[in-house]
Asks: 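Here it is: the structure, laid out below.
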Amino acid sequence: MPELPEVETTRRGLAPALEGRTIRAVRVRERRLRWPLPAGFEAELTGRTVRAVRRRAKYLLVDLGDRTLILHLGMSGSLRLLPAATPPLAHDHVDLVLDSGACLRFNDPRRFGTLQLARGDPAQHPLLRALAPEPLGRGFDAAYLYACTRGRRVAIKQLLMNARDVVGVGNIYASEALFHAALRPRRAAGRLTRADCARLVTAVRRVLAAAIRSGGTTLRDYVNADGMPGYFRHKLYVYERAGAPCRVCAAPIRHAQQGQRSTYWCATCQR
DNA sequence: ATGGGCACCTGGCTGC
DNA sequence: TGCAGCCAGGTGCCCA
């Protein structure tokens, strides 16, 4: 499901309702997530107060002072704010009940998502330690991407989706950014020129920023903290548009498998 | 070191 | 109508 824009949209919805609130209770209905929730998970959260809700890559970080709750939504996860008494539906695995009477409810049909409790600096947590710079921050620029692609034989799309190289970009936005940068997904990363890298950095940043402004992309499951879908789907140029006319040149959008994932591109606009 | 493939899950859709 | 097969916003881990 969620790539950076969906996680950021969720973060923006959650932050005002969570910050300053104390967790009164934790209700766990299903411990078997990507990594099983440890015994004592509930007790370690209960009574702590939320200082801030941040994001790193596709992870949400709930700052609880001397602990940080690290959440990942996997492919099908979502977080919603609901009245604490709302009856749970299928796949509503975890609730954080707040002192406001609201609850933060984690739903995830496929259970690829995760909740982890970190002590100390969350940036040093094993899941976060080796992540590439934030794509919307200063560390992600043409010089960075050029350096990181040198000597690499992987296809540029796969490099874009590798969190050690670029974070926040998944299958939708990798295809979209490559379209806007006029680069074919299978181009070997090491064969990009400096100019290619500059266009690609701009495309990644613009696509992510525009998707955030639309509240993210909803294909199937994704909803924001208020239960609303994202509307960026209407602004996709290639993703899930196989056979449809390119919005720029009208040539049919191509589709193929690349590294066990679907890839979409325009063979005319992208080289 | 790099890169490819698999595994982890459920649900929705397609086609026989 | 039923069911098998395939596909889906991710990513850690194992192997060559």
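Chain A is the first sequence line, chain B the second, and so forth, proteins listed ahead of strands; every chain is numbered from 1.
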Asks: Measure the distance from CG on A/D165 to C1' on B/dA1 and round it to the nearest whole Å.
Replies: 12 Å
Asks: Using a cut-off of 4.0 Å between protein heavy atoms and nucleotide atoms, how would you tag nucleotides 9-15 of chain B 5' to 3' with B, S and -?
Replies: BBS----
Asks: Which nucleotide, C/dA8, B/dG3, C/dT11, lies nearest any side-chain atom of A/R34?
Replies: C/dT11
Asks: Check this for me: does any side-chain nitrogen of one of A/E134 and A/R56 sit under 4.0 Å from a carboxylate oxygen of the other?
Replies: yes
Asks: Would you mind checking if A/R119 and A/D66 are paired as a salt bridge, meaning a charged N to carboxylate O distance below 4.0 Å?
Replies: no
Asks: Should the ring pair A/F106 and A/H93 be called parallel, tilted or perpendicular, given that the plane angle runs from 0 to 90° and is split at 30 and 60?
Replies: tilted
Asks: In this structure, how many angstroms lie between the C1' atom of C/dG12 and the NZ atom of A/K58, rounded?
Replies: 13 Å
Asks: Over how many whole Å does the gap from A/L128 atom CG to C/dG12 atom P extend?
Replies: 10 Å
Asks: Show the numbers, then the answer: is there a side chain to side chain contact (heavy atoms under 4.5 Å, CB included) between A/I156 and A/Q158?
Replies: CA-CA 5 Å; A/I156 186 59; A/Q158 284 161 286; over 6 Å; no
Asks: State whether a side-chain donor-acceptor pair under 3.5 Å links A/T218 with A/Y231.
Replies: no
Asks: Charged N to carboxylate O under 4.0 angstrom, A/D196 versus A/R191?
Replies: no
Asks: Could you tell me whether A/R233 and A/E240 have a side-chain N and a carboxylate O separated by less than 4.0 Å?
Replies: yes
Asks: Should A/R27 and A/E42 count as an ion pair when the cut-off is N to O under 4.0 Å?
Replies: no
Asks: Can you list the stems that include DNA chain B, where a stem is three or more consecutive Watson-Crick or G-U pairs with distances under 3.5 Å?
Replies: B:2-8 with C:10-16, B:10-16 with C:2-8
Asks: Is the shortest side-chain N to carboxylate O distance from A/R80 to A/D92 below 4.0 Å?
Replies: no
Asks: Determine: side-chain N/O of A/H72 to OP1/OP2 of C/dT11, distance under 4.0 Å, yes or no.
Replies: yes
Asks: How many angstroms lie between atom CG of A/L82 and atom CZ of A/R105, to the nearest 0.5 angstrom?
Replies: 5.5 Å
Asks: In whole angstrom, what separates A/L71's CG from C/dT11's P?
Replies: 14 Å
Asks: Output the rounded distance in Å from CD (A/E30) to P (B/dC8).
Replies: 16 Å
Asks: Could you state the atom-to-atom distance from CG of A/N162 to C1' of B/dG5 in whole Å?
Replies: 14 Å
Asks: Take A/K58 and A/E3, measure what salt bridge (Lys or Arg N to Asp or Glu O under 4.0 Å) needs, and give me the verdict at the end.
Replies: CA-CA 6 Å; A/K58 297 174 190 168; A/E3 306 183 33; 5.2 Å; no
Asks: How far does the P atom of B/dA1 sit from the matching atom of C/dT11, given to the nearest Å?
Replies: 23 Å
Asks: Can you tell me how far P of B/dG4 sits from CZ of A/R152, to the nearest Å?
Replies: 10 Å
Asks: Can you tell me the distance, in whole Å, between the CG atom of A/L73 and the C1' atom of C/dA8?
Replies: 16 Å
Asks: Heavy atoms within less than 4.0 Å of DNA chain C: which residues of residues 254-266 of chain A have one? Give them sorted by number.
Replies: A/R261, A/S262
Asks: Should the pair A/Y264 and A/H255 be assigned to parallel (<30°), tilted (30 to 60°) or perpendicular (>60°) ring geometry?
Replies: tilted
Asks: Within the structure shown, what part of the strands sits under 4.0 Å from A/F232 by heavy-atom distance: base, sugar-phosphate, or nothing?
Replies: nothing
